[in-house]
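Within every chain, numbering begins at 1; the chains are lettered A, B, ... in the order of the sequence lines, protein sequences first and strands thereafter.
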Protein chains: 2
Amino acid sequence: MAATIKDVAKMANVAPSTVSRVIANSSRISEKTKERVREAMNELGYHPNFNARSLANKSTKTIGIIMPNSAKIAFQNPFFPEVIRGISMKAYQEGYGLYLSTGQTEDEILQEVKNMVYGGRVDGILLLYSRINDKIMPFLIEEGFPFVLIGRPYKIDEDRVTFVNNDNFKAAKTVTEYLLLLGHERIGFIGGHLDYVVTIDHMKGYEQALTNVNIPIREEFIVHHEEVKEGGQNAIIELMSLVNRPTALVVSDDIMTFGVLRMLADMGVQVPHDMSIVSFNNVMISELSSPPMSTVDIHIYDLGFEATDCLINKIHHPTSGERKIIIPHRFIKRQTCNKQEERV
Amino acid sequence: MAATIKDVAKMANVAPSTVSRVIANSSRISEKTKERVREAMNELGYHPNFNARSLANKSTKTIGIIMPNSAKIAFQNPFFPEVIRGISMKAYQEGYGLYLSTGQTEDEILQEVKNMVYGGRVDGILLLYSRINDKIMPFLIEEGFPFVLIGRPYKIDEDRVTFVNNDNFKAAKTVTEYLLLLGHERIGFIGGHLDYVVTIDHMKGYEQALTNVNIPIREEFIVHHEEVKEGGQNAIIELMSLVNRPTALVVSDDIMTFGVLRMLADMGVQVPHDMSIVSFNNVMISELSSPPMSTVDIHIYDLGFEATDCLINKIHHPTSGERKIIIPHRFIKRQTCNKQEERV
DNA sequence: CTGAAAGCGCTTACAG
DNA sequence: CTGAAAGCGCTTACAG
């Protein structure tokens, strides 16, 4: 049906191998024949067959993107589209395509990854999340397959994986200190599932800030929920039911904060007057909350962009060492934090 | 490196063709040899090479997803992640993979589509948007390549394309009538770029509702912006600067409505007391606006799911006719609409 | 500077 | 029920 390299060769009166070399723009072919071949290609509307090329080349020029149980959780949070934006931009620049994981459970995803790797469907993989006891990363390490993690590996394997991350510990410590300096002493923490390394880092930063000023860590002030939307709302119910409520909150994710703000408004609790809040991510919509939320911009787009850069590097230079990149964060002060007055 | 069909054949003492048939689970192979071959496959950790299979098969088992200039606009709006969720689910069920467009300009995207089609990179394509004067769809029609449109084709080509859409005209008409029935007479419309068919349909529905009750359409009440976030905010400035301001608004997109609500709050305009608003999409975060927005749930997930179903059908039965599917919508009343009192 | 040939790892008529 | 052979459309040593 479609024109092949043979058709072009015939029309240009050369061998198929020559056509192939013209496509690759080999310097060993004369300008004259290049011209002739190119004309034939245009004439026939020739386009190289991707699968044939991949098979012969053992290179697909495509990157696999692995999200945590894709449909259910991941795409509910604007973090993922935004990180994919960054990935997409860099991938396009470098002529790489994007292949998306679709599995729901971890086992399904692992199976997909195996198919990608063994089947030669992608040249490298981007892991968009970091979870403890995850099976995907160990598999990739074991296989020596090029991949880059967005986030950081938990404890072990630190030196065996390239990753792009924020300093989430420090960011959480800083915003907690900020609340402390505003006079808050009863500060709660709302985070995602403790399986996620980012949650752990946020929590540790929060705890460290409290410990540094000798404020004991109160278990009941720390709540975790997996679902970002309902999670924020449920967390608030728990926290506001305490006899001794917190006056300020560190929330691990902006979408959770939307839930928190919504629920607080329903309860008639004024933010920031009655409750101060700092959050993380600064996704596109964060500035549109009511009131606009103070949050840590983690430069999600850059995470994706840099990770893709690293990955493509690894694909091209498999033996180059592992890299650890920290994308700087920036605290964006908006209107969800207040000085806490002394009022017994 | 990786085990091939030949290695398996050797180990199981059969011909490569037999191994291939075992993979395809051909009924012409005896259970005995199937068992033997499968053992060998396990032993060797065999996984079929994807590119070889695609080349021989002329089928890739992957679907191309085309978004409007991917990075910049598309992923800013939760519509796209949500529709991809639906796509992802159905694709996974049917054993299809997802390949994402990454180009930024229309020309770049068209080039990508050509590569996908001519290069045999995907078996079918999902167009996630419908824009007038778009070059992608005509190309796909011309080539007779399997694709499904989410949205509807504008005027021409109605009968030559399979599409999955909402009745956006009717939905817009209904919500406008709702505002009318609440006593509003000065109703504004904020929409996306008029290139998008969905914007046109919303606007026509809005206008029809007004015309039906003999309210003249006022140009200055209709504003369009492409950017969802800034768009909503800019639109409000324009509308509130009018001498005779609207008392109610039909807004084409929930994220725009977030911008509208934010800006209105800054201006001290009370919603719904001073301004009623209805919106479209009901994305995940819509219920978390302040106040929670009344919006039309268009079942985005279903759009993606059904479109994928249609596409896979088309891939399997290329000659079956074109289908037009309308996903039902549902108006979700929350707290952004009020009865309009008579007050000169 | 160019060509003939082998090979990438599968599938699928064809033959038996 | 199974095998030998040709073919999918490229690339790339090897030779000249």
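- Contact between the side-chain N/O atoms of Thr33(A) and the OP1/OP2 oxygens of dT2(C) is found at a separation under 4.0 Å.
- The heavy-atom pair separating Ile326(A) from Asn166(A) by the smallest distance is CG2-C, 4.1 Å.
- Among residues at least two apart or in separate chains, salt bridge (Lys or Arg N to Asp or Glu O under 4.0 Å) pairs with a member in residues 91-110 of chain A are Lys90(A)-Glu94(A), Asp107(A)-Lys135(A).
- Ile29(A) places its CD1 atom 8 Å from the P atom of dG3(C), with the value rounded to the nearest Å.
- Within the 4.0 angstrom heavy-atom criterion, no nucleotide atom of any strand lies near Val19(B).
- Proximity of Ser20(B) to the phosphate of dT11(C): a side-chain N or O atom is located under 4.0 Å from OP1 or OP2.
- The distance from atom NZ of Lys6(B) to atom P of dA6(C) is 13 Å, rounded to the nearest whole Å.
- Ile5(B) places its CD1 atom 16 Å from the C1' atom of dG7(C), with the value rounded to the nearest Å.
- Here dG3(D) presents its P atom at 14 Å from NZ of Lys10(B), a figure rounded to the nearest Å.
- Glu31(A) has its CD atom 10 Å from the P atom of dC1(C), to the nearest Å.
- Regarding Arg121(B), its CZ atom lies at a distance of 18 Å from the P atom of dG9(D), rounded to whole Å.
- Residue contacts shown for Ser30(A) are limited to sugar-phosphate atoms, with no base heavy atom under 4.0 Å away.
- As judged by a 4.0 angstrom heavy-atom cut-off over every strand, Tyr46(A) is placed among residues touching the sugar-phosphate backbone only.
- Using a 4.5 Å heavy-atom threshold, the side chains of Thr102(A) and Glu112(A) count as touching.
- The side-chain contact (heavy atoms from CB on, under 4.5 Å) check on Glu39(B) picks up nothing, with sequence neighbours excluded.
- Taking the nucleotide of DNA chain D with the nearest heavy atom to each of Lys58(B) and Arg36(B), the more 5' of the two is matched to Arg36(B).
- Rounded to whole Å, atom P of dC10(D) lies 15 Å from atom CZ of Arg21(A).
- Remark: Asn57(A) is in phosphate contact with dT12(D), judged by side-chain N or O atoms under 4.0 Å from OP1 or OP2.
- For dT2(D), the base has a donor-acceptor partner in the side chain of Arg28(B) [N/O atoms by modelled type, under 3.5 angstrom].
- With the nearest nucleotide of DNA chain D identified for both Thr18(A) and Ser17(B), Ser17(B) has the one nearer the 5' end.
- Atoms CD1 (Ile23(B)) and C1' (dG9(C)) sit 10 Å apart, rounded to a whole Å.
- Base pairing annotation: dA13(C) forms no Watson-Crick or G-U wobble pair, as no partner gives both donor-acceptor distances under 3.5 Å.
- Using N1 to N3 plus N6-O4 or O6-N4 for Watson-Crick, or N1-O2 and O6-N3 for G-U wobble, each under 3.5 Å, dA4(D) pairs with nothing.
- Under the 4.5 Å side-chain criterion, counting only non-hydrogen atoms from C-beta, Arg21(B) is not in contact with Val37(B).
- Residue Tyr118(B) has no polar side-chain atom (N or O) positioned under 4.0 Å from OP1 or OP2 of dG9(D).
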